[in-house]
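Heads up: the structure comes next, in C-alpha cells.
Because only heavy atoms are used, hydrogens play no part in the values below, and waters and symmetry mates are left out as well, while side chains stay in.
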Amino acid sequence: MPSPSEPGADSFVERVLDVVDAIPPGRVMTYGDVAAVLGSRAARMVGQIMAYYGSTVPWWRVVRASGHPPADHAQIALEHYREEGTPLLGGPRADGTATTYRVDLRAARHEPR
C-alpha cells in the first residue's frame with residue numbers, strides 16, 4: 001500500500017474519501033470497513049488519510065473498531081452524532097465532567113452494497 005506521499009496514493013486517497021462521503025447520516029464505518037470496501041486491509045492507512053485529508057468529508061462517521069470516535073475528537077463528534085441521531089452506548093461519567101461513549105456498531109454500522 002502506498003504512503004500518502006508515494007505515486008499512486010492520490011487515487012487511494014480519493015477512493016477512501018469517496019467511501020466516507022457516501023456514508024449516510026446516522027451511520028458509521030470502521031477504518032477497517034472502509035479499507036475492506038476498497039479491497040484492502042490497510043485500516044491504519046485509512047486512519048492516516050482521514051487525519052491528513054478527512055476534513056472535507058463527514059470524518060465523524062469513521063470510527064475505531066471498538067465504536068469509539070476518532071482520537072481526540074470525541075466532543076465534536078458527539079455533537080454530530082446527536083444531530084444525526086447516531087445510536088450511541090454509554091453516557092456522562094459519574095462526576096459529570098466528561099462524556100464517555102461509543103457508537104453502537106450493531107445498530108449504526110453502514111455496509112455499502
Do V103 and Y81 have side-chain heavy atoms sitting under 4.5 Å apart? yes
Of D21, V19, V13, which is the lone residue that meets side-chain contact (heavy atoms from CB on, under 4.5 Å) with L17? V13
Between atom CG of D104 and atom CZ of R109, what is the distance when rounded to the nearest 0.5 Å? 11.0 Å
Check the orientation of W59 and H80. Use parallel for under 30°, tilted for 30 to 60°, and perpendicular for over 60°. perpendicular
Rounded at 0.5 Å granularity, tell me how far CG in L38 sits from CE in M45. 12.0 Å
Rounded to the nearest 0.5 angstrom, the CZ-NE2 distance for R61 and H110 is 10.0 Å
So, taking the atom named NE2 in H68 and the one named OG1 in T100, what distance separates them when rounded to the nearest 0.5 Å? 5.5 Å
Assess whether side-chain contact (heavy atoms from CB on, under 4.5 Å) is satisfied between I23 and V62, documenting all intermediate values. CA-CA 9 Å; I23 301 170; V62 183; 4.2 Å; yes
Report the residues that fulfil salt bridge (charged side-chain N to carboxylate O under 4.0 Å, His left out) with E83, sequence neighbours left out, ordered by chain and then residue number. none
Same cluster or not: L78 versus L89, using hydrophobic residues (I, L, V, M, F, W, Y) connected whenever any side-chain heavy atoms lie under 4.5 Å apart? no
Beyond-backbone contact of L105 with V63, side-chain heavy atoms, under 4.5 angstrom: yes
Donor-acceptor pair, Y101 side chain versus P69 backbone, under 3.5 Å? no
Once salt bridge (charged side-chain N to carboxylate O under 4.0 Å, His left out) is applied, do any residues pair with R27, and if so which ones, sequence neighbours excluded? none
Nearest heavy-atom approach of A108 to G26 is CB-O, 3.9 Å
Could you measure the distance from the OH atom of Y31 to the CZ atom of R44? Nearest 0.5 Å is fine. 12.5 Å
Side chain of D33, backbone of T30: donor and acceptor closer than 3.5 Å? yes
Hey, is CZ on R102 packed in by over 12 heavy atoms from elsewhere, all under 6.0 Å? no
On a heavy-atom basis, which atom in V37 and which in P112 lie closest, and how many Å separate them? CG2-CG, 3.7 Å
